[in-house]
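All figures in this text were calculated on a predicted structure; none of them were measured in a lab. Numbered from 1 within each chain, the chains take letters A, B, ... in sequence-line order.
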Amino acid sequence: MERLEPRVRTLWILSALGGSTLVGVGFALTATMLYSRFLSADMRWILPGTTFLICCFAGGWVGLAWYRYGRFRFDCRDESLYVEHGVLTRHKTVVPYNRLQHVDVRRRPLERIGGVATLVIHTAGTCRNQVQIPGLTPTRASMLQDQLRHLITEDQDDGPP
Amino acid sequence: MKRLHPATIPLRSLGRAVSLGFVCFLVGILLSPGANASTVLVVLWSALGVCVALLYEGCRYFRVGYSLTPGTMTITSGILSRRTREIPRHRIQSVDVHQTPSLRATGLASVSVETAGGSDGPLTLEYVSCEEATRIQDWQCTVPDRQCTAPSQGSGPTNDTGPRDTTIFTLKRTELIAYSVTSLGSGAVLLCGIALSFISGRYPQGLIAPELHQLGTTLPENFHVGGLAVAFLVTAWVLSACLHYVRFVGFRLALADAALSYEHGFCGRYSGTIRLENLQRITIAEPIPLRWLGYGSLQLETAGSDGGQQSTETHAVVVPFASRKRIDALVRKIAPIEGFDSGSLELPSERARTRYMLAYLVASGFCLLVAFGLSVTTPVVRDWFALAPAVLIAPVAAHLKWSNRGHRLQRNYLLTRDGFWNRRTRIVPYHRIQSLAYTQQPLQRRHSLATLTADTASVSPAIATAYDVDADRATELHRRIERRMCRSRRAGGLSTT
């Protein structure tokens, strides 16, 4: 089973830290405003209290990002694509090649900075019609895209979905 | 490029003029000086509305066209921004023909073509002649020059290759009456609301002639709100029952050359054909009081239909009401499932029942706690222990939820079932499953349970889910379904053009 590029783990951890900093700042501001309005007395508990909460939150988010990398696996089997991911809710998705509609390579700004790309596989379904494989190098993503495209065209006759 | 039937212009203008004219009529009333509606202004505004409608429809008539080749259908539309759509024949999911009473009188019909790709809904041709509608339906079927539509109301002599269709289902009168009586339509409620507002005296005074106004005020004084509300509900119920009856009378399903055709309706006629190979999902819905009596409804969805709503307008084919035995027999004719029986589904793991019970107990306990807290701190809640029966109901509810879920793997179909208040049994052919997901939430992991979800290609969330299966069994099922998904297409399944 194949795994993602290691550098995407760093990317996710950094974005988790960045996100939790933003959330922390917002939370701290709101907390200060509320406390200064309602409880004018104990201001000295606020700073350690909020810092502790924010640290817990950040730690949780970073831990999730770390484990998320560890849990992500995918495999190009003979007739289907198999993707396994998820930390709290575990998902194992299988998509036969003859059900693929088209395959995209997507690079968001953060991914471009980090030098990774996401492979997005579209099926004809409704709720879960996209299967995403993040954290691939651009070359690997293009190679996979070509490989899947060949598998789609040689397998799929011109029938309805 | 064929044009629509010329009678489209007056018919559509009429409909549009009525709505537009009504709006202009109201505008005229609002703008008239003083409390009384100035007749001249109202008439002028209404006339303006009607003229605009006629002009618009006239322009539209000349800008809309369609053509049929053996392989594709091309529809051109749009007055200012032109759009040409080409649809390959084998990509059409279903062709539906609808005739309102006025259309029936004039011999026209409205044709809706559904494809799997459009986000704007079905493509409609309003209006074409009946013969043209039949021609389009025949064109859509697998083999050209062979009719797959049933001749309705004697549409002339058929030639040697007449339709060889067999009626597989007709709605009995008792079933139709039962259906009409047990479902409430939204249109009827609206109509009754309007009627009620007029009766109760809250209507715009300028619209009604003074004599009728006098009549309204002579109602007895003790006609209080309760009686009025009951009268309103009863009238709405009777009206919706009548509307449903008229809509579904003469319901008939026929099968010919692997194409299913339906027709029903008395004043407004509905008919359509779908090819069996386009079937995405079959749903048997049994809402609670009907289930105990042994009745349910059947919905056949194709890739273009909106399968999420309960309304009968959006499904490809709906059998609104039938006994469970008849539904099973019908499903066996449409989708060959060996040993299909609603009772033979595999139930979720026993641990799932424990899990549901714990969840319900915790939830009811929490509500009880909150009520207790509120009763102690605030004067809002007094008898917090009134919620105590919820704790006793929790185990029963958990058992009911568990026993109404299930799944089964047939040779060509996946069956899943879910729901207590409205139990839905879903039948999905393997070659229609687009992707299969095995999901484990944290609590499920703890009990080693998993949920399998199969995604199909209807428009709205059209999934078939097997809930809370034992984790090892779920892995095994996952593998088996995957093999069948891959195999059914490779063997050339049912998906030939």
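Looking at B:E476 and B:R473, a side-chain N of the basic residue comes within less than 4.0 Å of a carboxylate O on the acidic one, giving a salt bridge. No salt bridge links B:R351 with B:D468; every basic N to acidic carboxylate O contact stays at or beyond 4.0 Å. Ion pairing between a basic and an acidic side chain is recognised when a charged N comes within 4.0 Å of a carboxylate O; A:E5 and A:R140 show such pairing.
Heavy-atom pairs under 4.5 Å with chain B were tallied for A:T123, A:V95, A:V94; the largest tally goes to A:V94. Taking chain A as the reference chain and counting heavy-atom pairs below 4.5 Å, the highest number among B:T439, B:L436, B:I433 is found for B:L436. Between chain B and the options A:L81, A:T89, A:V83, the largest number of non-hydrogen pairs under 4.5 Å is found for A:T89. Contact count against chain A (heavy-atom pairs under 4.5 Å) is highest for B:T453 among B:T451, B:T453, B:L452. Note: B:A437 leads B:A437, B:A454, B:P88, B:A450 in heavy-atom pairs under 4.5 Å with chain A.
Using a 3.5 Å distance cut-off with no hydrogens or angles, the side chains of A:D104 and A:H122 do pair a donor with an acceptor.
Evaluated for a side chain to side chain donor-acceptor pair (under 3.5 Å) with B:E301, the options B:Q93, B:R426, B:R281 yield exactly one hit, B:R281.
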